[in-house]
Amino acid sequence: MQIFFPKEEAPEIRATILPEVAKKFIDLGFGVTVESGLGDNVFVSDDIYSDAGATICHDKLEGFNSAQIVCKINKPNSDEIQLLKKDTIYISFLDPFNEKQIVSELAAASVSSISMELVPRITRAQKMDALSSQANLAGYAAVIESSRTLSKSFPMMMTAAGTISPARVFVVGVGVAGLQAIATAKRLGARVEAFDTRPVVEEQVKSLGAKFVKIDIGDTEETDQGYAKELTPEQIKMQQEGMKKICSQSDVIITTAQVFGRPAPRIITQDMVEAMQPGSVIVDMAVSTGGNVEGSKNDEYIFHEGVTIIGMSNLPGEVAKDASQVFGSNLFNMIEEFWDKDNKTLSFDLEDEILKGCVITHQGSIVNESVK
Ligand code: NAD
């Protein structure tokens, strides 16, 4: 079976796989084709992929034609869907709740598509969880970016010229990205506080040496997959009231709040931004799903009354090599799980709990219950 990895379009920096993972596929019995230039942005040349055993293809059409499986990081554009042959297995992030057109086109092309966002959060599938592998690196990158922008140091410093106080960092939303943001800010020596609507994370926050901010917003729930449920407008107001003072005292705020399958909650209002000290920095990690911060914009630095609001939509791309490494491993782990070594085929059993969760289209129809 042949797998094709087309080159991502700019501005994507990450590569879908690195040569070490290509080799693992080959050792398993797959043929691997990568489009020329796949690793250019992460300083991996065609030759290195070739040395690992991959075939380099200079013509996208040829790559699509030769493959039974096609893998990318980002969703396909219409041209790419046209190139997919009937019954090809296509795997990438698909954003299927918002990208109805793409989903219909994939069904019409009779492609078996898998959405990496919908890999279920069960123990067996943890090694395939690309949302988590990318969110973890994004949490790290958000803190590093904020430290570059802030005009003060993160750690406390006692110098002959006096004592420099540590930066105060407030992390809003403590899922995978938030936990890594807390850990990174702590390692840099900041004083870190954090809040999440799911009270269960309090222990995790404390175990990283940060302070959990308690705000009474009434009953909150989480789904069986561990995702937060949406708050009511009244609860959001209570949350904003409870966060106001902390926000005004923070040098850096990192917001990561998401509600799965819905727009991100708008938590930090313009008033709250204006109450911060000039020179403070906010990183809105939810910018591409609607934004947690009023005024944040995709891929822009907004300066509002002395406060910088950073809205980078591809934070994992800031550590592109590591992000490529773990994304490729997630793909490998998924394909290996369903690979029948003896018969050299993929067992595509839609009753399997993992495939049931993440296969979106198959044999001409939309088969995923939640997307349907
Ligand atoms: P996410 O990206 O959906 O959301 C980020 C965080 O925002 C969550 O912690 C959520 O509770 C929080 N949030 C939502 N609304 C908020 C609001 N108004 N104010 C403040 N915070 C708000 O979440 P995630 O990173 O995908 O992780 C969710 C949970 O799932 C975590 O506890 C994580 O450890 C767990 N998880 C489990 C598995 C598994 O395989 N079992 C895999 C990955 C993650």
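In each ligand, atom 1 is the first atom listed, and ligand 1 is the first ligand listed. Bear in mind the structure is a predicted one, so any value in this text is a computation, not a measurement.
Ranking protein heavy atoms by distance to atom 28 (C) of ligand 1, first place goes to G226 O, 3.4 Å. When only non-hydrogen protein atoms are considered, atom 21 (N) of ligand 1 lies nearest to G173 CA, 3.5 Å. The single protein non-hydrogen atom nearest to atom 34 (O) of ligand 1 is V176 CG2, 4.6 Å, given as residue, atom name and distance. Scanning the protein for heavy atoms near atom 8 (C) of ligand 1, the closest one is D196 OD2, 3.5 Å. Atom 17 (C) of ligand 1 has its closest protein heavy atom at T197 CG2, 3.4 Å. Closest to atom 31 (C) of ligand 1 among all protein heavy atoms lies R198 NH2, 3.4 Å. From the protein, the heavy atom lying nearest to atom 36 (N) of ligand 1 is R121 NH1, 3.8 Å. Protein heavy atom in closest approach to atom 13 (N) of ligand 1: A257 CB, 3.8 Å.
For ligand 1, the atoms lying closer than 4.0 Å to a non-hydrogen atom of L231 are 18 (N). Against a heavy-atom cut-off of under 4.0 Å, Q126 is close to the following atoms of ligand 1: 39 (C), 40 (O), 41 (N). Ligand 1 places these atoms under 4.0 Å from at least one heavy atom of S132: 42 (C), 43 (C), 44 (C). Annotation for ligand 1: atoms under 4.0 Å from non-hydrogen atoms of V174 are 9 (O). Proximity to Y227 (heavy-atom distance under 4.0 Å) selects the following atoms of ligand 1: 3 (O), 26 (O). Near I267, with a cut-off below 4.0 Å to any heavy atom, the atoms of ligand 1 are 17 (C), 18 (N), 19 (N). Each of the following atoms of ligand 1 lies closer than 4.0 Å to a heavy atom of Q239: 17 (C), 18 (N), 19 (N), 20 (C). Remark: ligand 1 atoms within the under-4.0 Å shell around heavy atoms of D129 are 42 (C), 43 (C).
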Would E145 and I310 satisfy side chain to side chain contact (heavy atoms under 4.5 Å, CB included), going step by step from the backbone distance to the final call? CA-CA 9 Å; E145 193 59 27; I310 302 175; 4.1 Å; yes
Run F327 and F93 through ring-ring contact (aromatic ring centres under 6.0 Å, His included) and show every step you take. CA-CA 11 Å; F327 186 85; F93 285 125; 5.6 Å; yes
Report the C-alpha distance between Q134 and R14 in whole Å, list the side-chain angles of each, state the deciding distance to 0.1 Å, and finish with yes or no for side-chain hydrogen bond (donor to acceptor under 3.5 Å, both in side chains). CA-CA 11 Å; Q134 302 301 298; R14 293 168 290 175; 2.8 Å; yes
Go through the steps for D251 and Q277 under the test side-chain hydrogen bond (donor to acceptor under 3.5 Å, both in side chains), then give the verdict. CA-CA 7 Å; D251 298 300; Q277 290 299 314; over 6 Å; no
Tell me, with the steps shown, if E353 and R124 meet salt bridge (charged side-chain N to carboxylate O under 4.0 Å, His left out). CA-CA 10 Å; E353 193 179 0; R124 185 161 70 95; 5.2 Å; no
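Checking Q235 against Q239 by side-chain atom types alone, no donor-acceptor pair falls below 3.5 Å. With hydrogens and angles left out, the side-chain atoms of S36 and D46 include a donor and acceptor closer than 3.5 Å.
The backbone N or O of S313 lies less than 3.5 Å from no partner atom in the side chain of N298, so there is not a single donor-acceptor pair.
In terms of polar-atom proximity, G175 is counted as a contact of ligand 1, with an N or O under 3.5 Å from an N or O of the ligand. Of the N or O atoms in V259, none lie within a sub-3.5 Å distance of an N or O in ligand 1.
Each of F332, Y49, F4 was checked for a ring pair (Phe, Tyr, Trp, His ring centres under 6.0 Å) with F25, and the lone residue meeting it is F332. If you run side-chain contact (heavy atoms from CB on, under 4.5 Å) between N368 and each of I360, L350, V359, L355, only I360 comes through.
The heavy atom nearest to atom 15 (N) of ligand 1, considering only A286, S133, P265, is found in P265.
Under the 4.0 Å distance rule, the nearest protein heavy atom to atom 19 (N) of ligand 1 falls inside the cut-off.
Applying the under-4.5 Å side-chain rule to Ile, Leu, Val, Met, Phe, Trp and Tyr, the cluster around M157 extends to I164.
Contact of the E20 side chain with the K24 side chain is not registered, since no non-hydrogen atoms from C-beta on lie closer than 4.5 Å.
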